[in-house]
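Below you'll find the structure, written out as structure tokens, and then a few comments.
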Amino acid sequence: MTTARFPDGFLWGGATAANQVEGAYDRGGKGLSIQDVMPHGIAGAPTEEPTPDNLKLTGIDFYHRYAEDIALFAEMGFTVFRFSIAWSRIFPNGDEETPNEEGLAFYDRVLDELEKHGIEPLVTISHYETPLHLATAYDGWRSRELIGFYERYCRTLFERYGTRVRYWLTFNEINSILHAPLLSGGIRTPPEQLAEQDLYQAIHHELVASATVTKLAHALMPQAKVGCMIIAIPTYPLTPDPADVLAALDADHANLAFGDVHCRGAYPGYFLRTLREKGVELEITDADREVLRNTVDFVSFSYYMSVCETADPARRAAGRGNIMGGVPNPTLPASEWGWQIDPTGLRIILNQYWDRWQKPLFIVENGLGATDRLVEVDGRTTVVDDYRIAYLNDHLRAAAEAIEDGVELLGYTSWGCIDLVSASTAQMSKRYGFIYVDRHDDGSGTLARYRKKSFDWYRELIAANGATLS
Ligand code: BG6
């Protein structure tokens, strides 16, 4: 096997989101976010107010332990750290005129720490954590007013951190709104009551908001690079039957539409056809059309799995997976949580995105959620997570192949570089990290951090710029 080659300056690191790590949900003037009333992840209905069984309220206490955690990332040699800013720390309700200084100061401290270790920040502006008030009073992104609130929030971030942060992502996994309107779009109306007209109008508002702040970022911070962020789920036909191939194309289009708007600045024809067939008439102003032309500088995405699609209702089986799921692929193994494992799919998606958009790409989430067991090895408390090492090795090998194919790839941030609360199931036991956090589904645990075997593996990999991949 040839040695994997990554370009000089390739960014190596990890990723988290505020609501899954910070805790301190009511500290420092923070308002409530939708996550604070979602104790069961995307599966259960939201509660009226925060409940003690919601692990995200306390997270892994990154709010107080960020310096210790960033030092561990530095020990692995991270050159980039992706994290999100909790909108409700900056604008507690989301619609205020002035920001909360204590919230801004917290992220100043995080950035200080990253600077100290020479780690480049990669900031997600909105990662499934819309302020709760925007959800209850406006039904989230259904309301056009959200564009203005989001723009004000972004202006505040750009003015405050613009000289310190180069890489920005506008919305985490923007295409997930099709499947999880509350999580992704802050829409309180239950999915079964949500009219498609309103769902697609919300999507339009988010796309306009993203383009609006991309334009703003470029005006305020000439050195800034603004990226979109999409769930990448390559969709394979279940059989070679052309009807299945077409069904797979349709399913792929539903996701690609978001990247097409972000990268090409207008709605693609197939998407307009979908709207016509659904009887959806979007309210799109001339100003909207104009602003959408502000395209992103790079495309970032999460990649965990691929799915299949078929036109045959008799063969349609619902698989489990990253928010949207799909028809299971009979050729692939799956994780303990039923997410199918497909490293080759990563090479395929990298090529597809590069061929289609010709924009630099950034893998900002990838990893294996697994049950870990703490053990003693040579006097060290650790986790022997060979399964995670194998998963990451194979996916990075596929990324290296894509680079050989000519894809321009900026970097890789492994998801949940430190164990955190799961987004879909709100569990602690679904662990992704290189660092084990002593916290459990029932809320018990000391919160102590332990280096797993993958911690050493990743440190060596980064030091060799990927050349140690097998
Ligand atoms: C992505 C999200 O969908 O997948 C993350 O951006 C999430 O927030 C990650 O944590 C893994 O999903 P889960 O459900 O295993 O936490």
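First listed ligand is number 1; within each ligand, the first listed atom is number 1.
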Original post:
Hey, is Ser424 touching ligand 1 through its side chain, its backbone, both or neither, going by heavy atoms under 4.0 Å?
Top reply: both
Subject >> Asp456 bridged to Arg459 by N-O distance under 4.0 Å >> reply: yes
Original post:
Would you call the rings of His395 and Tyr391 parallel, tilted or perpendicular, where under 30° means parallel and over 60° means perpendicular?
Top reply: parallel
Subject >> Check: Trp141 ring centroid to Phe171 ring centroid under 6.0 Å >> reply: yes
Original post:
What about the rings of Trp87 and Tyr150, do their centers lie closer together than 6.0 Å?
Top reply: yes
Subject >> Close-contact set for ligand 1 against Ala423 heavy atoms, below 4.0 Å >> reply: 7 (C), 8 (O), 10 (O), 13 (P), 14 (O), 16 (O)
**OP:** Give yes or no for whether the N/O distance cutoff of 3.5 Å, strictly under, is met between His127 and ligand 1.
**Re:** yes
**OP:** Assess whether atom CD of Gln358 is packed by more than 12 heavy atoms of other residues, nucleotides or ligands within 6.0 Å.
**Re:** yes
Subject >> Selection from Trp337, Tyr432, Tyr304 by shortest heavy-atom distance to atom 9 (C) of ligand 1 >> reply: Tyr304
**OP:** Measure Asn172 to ligand 1 on non-hydrogen atoms and call it side chain, backbone, both or neither using the 4.0 Å cut-off.
**Re:** side chain
Subject >> For Lys430, atoms of ligand 1 separated by under 4.0 Å from a heavy atom >> reply: 13 (P), 14 (O), 15 (O)
Subject >> Part of Trp339 with heavy atoms under 4.0 Å of ligand 1, whether side chain, backbone, both or neither >> reply: side chain
**OP:** Report the residue from Tyr458, Trp415, Tyr450 that forms a ring-ring contact (aromatic ring centres under 6.0 Å, His included) with Phe434.
**Re:** Tyr458
